[in-house]
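All values below were derived from every heavy atom in this structure, side-chain atoms included, with hydrogens, water molecules and symmetry-related copies excluded.
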Amino acid sequence: EAGVAQSPRYKIIEKRQSVAFWCNPISGHATLYWYQQILGQGPKLLIQFQNNGVVDDSQLPKDRFSAERLKGVDSTLKIQPAKLEDSAVYLCASSLARGLELFFGSGTQLSVL
Amino acid sequence: DAKTTQPNSMESNEEEPVHLPCNHSTISGTDYIHWYRQLPSQGPEYVIHGLTSNVNNRMASLAIAEDRKSSTLILHRATLRDAAVYYCIRRNAGNMLTFGGGTRLMVKP
């Protein structure tokens with residue numbers, strides 16, 4: 001069974017630039033999550049989707065971050081404009097349904113210079 | 001904010017059992033206790049979860065205190081591949097996983 005796919009694996013940008021991350025969850029998984037993990041800390045939930053609808057985005061900095069899952073499968077997370085403090089690993093996870101085990105991708109490591 | 005308290009780090013010898021503690025004194029009756037671990041340069045992976053009773057699976061055992069204010073993840077025989085950050089998480093009614101800082105487990109050969 002294929003796992004959660006994320007791309008790119010690494011990204012380096014300058015502050016005030018835009019960046020987008022892509023996630024392909026495990027086939028059939030209805031729930032998709034984006035987490036931000038700053039070095040030395042645990043992952044922090046940014047947004048949770050159930051199919052193509054947003055369940056929780058209370059910790060998403062909406063002035064600069066946006067996410068979509070238009071067809072209820074793939075998802076993209078965008079940052080515009082990026083700040084130095086956005087340097088982190090962005091993890092995508094999926095689960096068959098809410099409340100069940102999460103499967104994580106390997107993440108995208110973002111460096112903002 | 002679903003709080004749990006774990007030691008920052010622990011050491012173990014290879015092939016010995018490891019007991020990773022977690023305090024969750026404000027846990028509510030419907031919160032599940034989940035454990036995930038994160039190996040270097042990888043996303044977290046599920047280990048085990050439970051509500052009230054002790055649980056066993058192929059990876060580990062979970063011992064939950066009778067008052068549910070604490071739990072212990074037990075690795076029966078640590079290997080070098082078990083070196084990771086272990087996260088103890090309360091899963092609330094909204095089904096969100098809120099990660100804390102975790103315990104960094106170091107396994108010595």
Response to the item:
Closest non-hydrogen atoms of A/Leu102 and B/Arg91, given as atom of the first, atom of the second and distance, are CD1-NH2, 3.4 Å

Response to the item:
Closest non-hydrogen contact found for A/Leu91 with B/Gly43 is CD2-CA, 3.9 Å

Out of curiosity, does [Y] fall in the hydrophobic cluster containing [X] (side-chain heavy atoms, cut-off under 4.5 Å, transitive links)?
X        : Y       : answer
A/Val55  : A/Phe49 : no
B/Tyr87  : A/Leu46 : no
B/Met106 : B/Leu73 : no
B/Ile48  : B/Leu20 : yes

Worksheet item: So what's closer than 4.5 Å to chain A heavy atoms on B/Tyr36: side chain, backbone, both or neither?
Response: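 For B/Tyr36, side-chain heavy atoms alone lie under 4.5 Å from chain A.
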
Worksheet entry | Close side-chain approach of B/Ser41 and A/Ser106, heavy atoms under 4.5 Å |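 Not touching, per the 4.5 Å side-chain cut-off.
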
Practice prompt. Using a cut-off of 6.0 Å, state whether more than 12 heavy atoms not belonging to B/Arg104 lie near its atom CZ.
Written response: no

Worksheet item: Around A/Glu101, counting heavy atoms of other residues, nucleotides and ligands shown, do more than 12 lie under 6.0 Å from its CD?
Response: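 Correct, the count exceeds 12.
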
Discussion item. Working note: A/Gln37 + B/Gln38, criterion side-chain contact (heavy atoms from CB on, under 4.5 Å); need CA distance, chi angles, decisive distance, verdict.
Written reply: CA-CA 12 Å; A/Gln37 186 170 25; B/Gln38 188 170 22; 2.8 Å; yes

Item to complete: Please flag which part of A/Gln41 lies under 4.5 Å from any non-hydrogen atom of chain B: side chain, backbone, both or neither.
Response: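 Just its backbone gets close to chain B.
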
Worksheet item: Centroid-to-centroid, B/Tyr46 to A/Phe104, below 6.0 Å?
Response: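 Between B/Tyr46 and A/Phe104, the centre distance exceeds or equals 6.0 Å.
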
Discussion item. A/Tyr35 vs B/Leu97, test: side-chain contact (heavy atoms from CB on, under 4.5 Å). Steps then yes/no.
Written reply: CA-CA 10 Å; A/Tyr35 282 83; B/Leu97 281 181; 3.5 Å; yes

